[in-house]
Amino acid sequence: MFYLIAVCEVPEAPLNEQPAGWLGVDLGIVNIATVDGMTRFTGRGLNRHRKRQLELRRKLQAKATQSARRRLKHRRRKEQRHAANVNHIISKKIVTEAARTCSGIALEDLGGIRDRVRLRKPQRVTLHSWAFRQLGTFLAYKARRAGVPLVYVDPAYTSQECAECHHIDKNNRVSQALFICRNCGVVAHADRNASRNIAARGEVAWIAGRESRVPATP
């Protein structure tokens, strides 16, 4: 058996210092990523895959045989590869759209979200399986390679703030998908509204000269 590891260097495109606009990326569980003006990247298929893998792991763990342990190891890697492939596809589409429209990308700084968010027990598995950090990393290095500016913004109240009048109220978020502003009455998809808020904060951060914390290209 032979293995070939080929390494190639890809030159980075010059950074676009004057983006024409910003794409705000709202990350979530129901919708993996939402960008205003683009098709929502739903997590329905990925979540179904994870639930199916979870049930299979439970059955194998109950057997507790050597063969079952080997299958468990294989299953774990299979789920990781599937999630990584989905994140690669999503990040590539977003960066391609940003490069096509000469726009920058604004991401929420979700560091430590697992420690801050309180969820019911059935939702914890979903949150801890959520590879949002990996998706952010893929977006960062792809944006760097394409010369697309990327900034991180404060995620506070992005889901409660109206993108039209900027009124903040927790009651604005009627449900997971519905947003109705209590001040101006605008009705929008909740994730798209959050995406617009993130994009606006990204523009402000870029104009203010805040350094982008994009990790170095691997």
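Only this structure's heavy atoms are used, side chains among them; waters, hydrogens and symmetry mates stay out.
For Ile90, the side chain to side chain contact (heavy atoms under 4.5 Å, CB included) partners at least two apart in sequence or on another chain are Ile32, Ala33, Phe41, Val86, Ile94, Leu135. With sequence neighbours excluded, the residues satisfying side chain to side chain contact (heavy atoms under 4.5 Å, CB included) with Ser67 are Thr65, Arg70. In this structure, the ring-ring contact (aromatic ring centres under 6.0 Å, His included) partners of His88, at least two apart in sequence or on a different chain, are Phe138. Ala163 is linked by a side chain to side chain contact (heavy atoms under 4.5 Å, CB included) to Asn193, Arg196, Asn197, counting only residues two or more places apart in sequence or in another chain. With sequence neighbours left out, the side-chain hydrogen bond (donor to acceptor under 3.5 Å, both in side chains) criterion links Thr158 to Glu108. For Asn85, the side chain to side chain contact (heavy atoms under 4.5 Å, CB included) partners two or more places apart in sequence, or in a different chain, are Ile89.
In terms of hydrophobic clustering, with Ile, Leu, Val, Met, Phe, Trp and Tyr side chains grouped at heavy-atom distances under 4.5 Å, Ile168 and Ile198 are assigned to different clusters. Note: the hydrophobic cluster containing Phe179 does not contain Val30 (ILVMFWY, side chain heavy atoms under 4.5 Å, direct or indirect links).
A donor-acceptor pair under 3.5 Å is absent between the side-chain atoms of Arg40 and the main chain of Thr42, judged by distance alone. Here the side chain of Arg182 pairs a donor or acceptor atom with the backbone of Asn171 at under 3.5 angstrom. Side-chain atoms of Ser195 never come within 3.5 Å of backbone atoms of Asp191 as a donor-acceptor pair (strictly under, hydrogens ignored).
Salt bridge status for Arg201 with Glu161: present, with a side-chain N to carboxylate O gap under 4.0 Å.
For the residue pair Gln160 / Asn172, no side-chain donor-acceptor distance below 3.5 Å is found, with atom types taken as modelled.
A heavy-atom distance below 4.5 Å is not found between the side chains of Val148 and Asn16. Under the 4.5 Å side-chain criterion, counting only non-hydrogen atoms from C-beta, Pro149 is not in contact with Ile105. Looking only at side-chain heavy atoms (C-beta outward), Val186 and Cys165 stay at 4.5 Å or farther from each other. Inter-residue side-chain proximity for Val151 and Leu107 is flagged as unmet; no heavy-atom pair is nearer than 4.5 Å. When side chains are defined from C-beta on, His189 counts as touching Asn31, because their heavy atoms get closer than 4.5 Å. Residues Leu178 and Val187 are in side-chain contact: their nearest non-hydrogen atoms beyond the backbone lie under 4.5 Å apart.
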Is there a side-chain contact (heavy atoms from CB on, under 4.5 Å) between Val35 and Glu97 once you walk through the steps? CA-CA 10 Å; Val35 180; Glu97 178 65 14; over 6 Å; no
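Across all their heavy atoms, Gln134 and Ala84 have their closest contact at OE1-CA, 3.4 Å.
Taking SG of Cys181 as the start and CG of Asp169 as the end, the distance is 8.0 Å to the nearest 0.5 Å.
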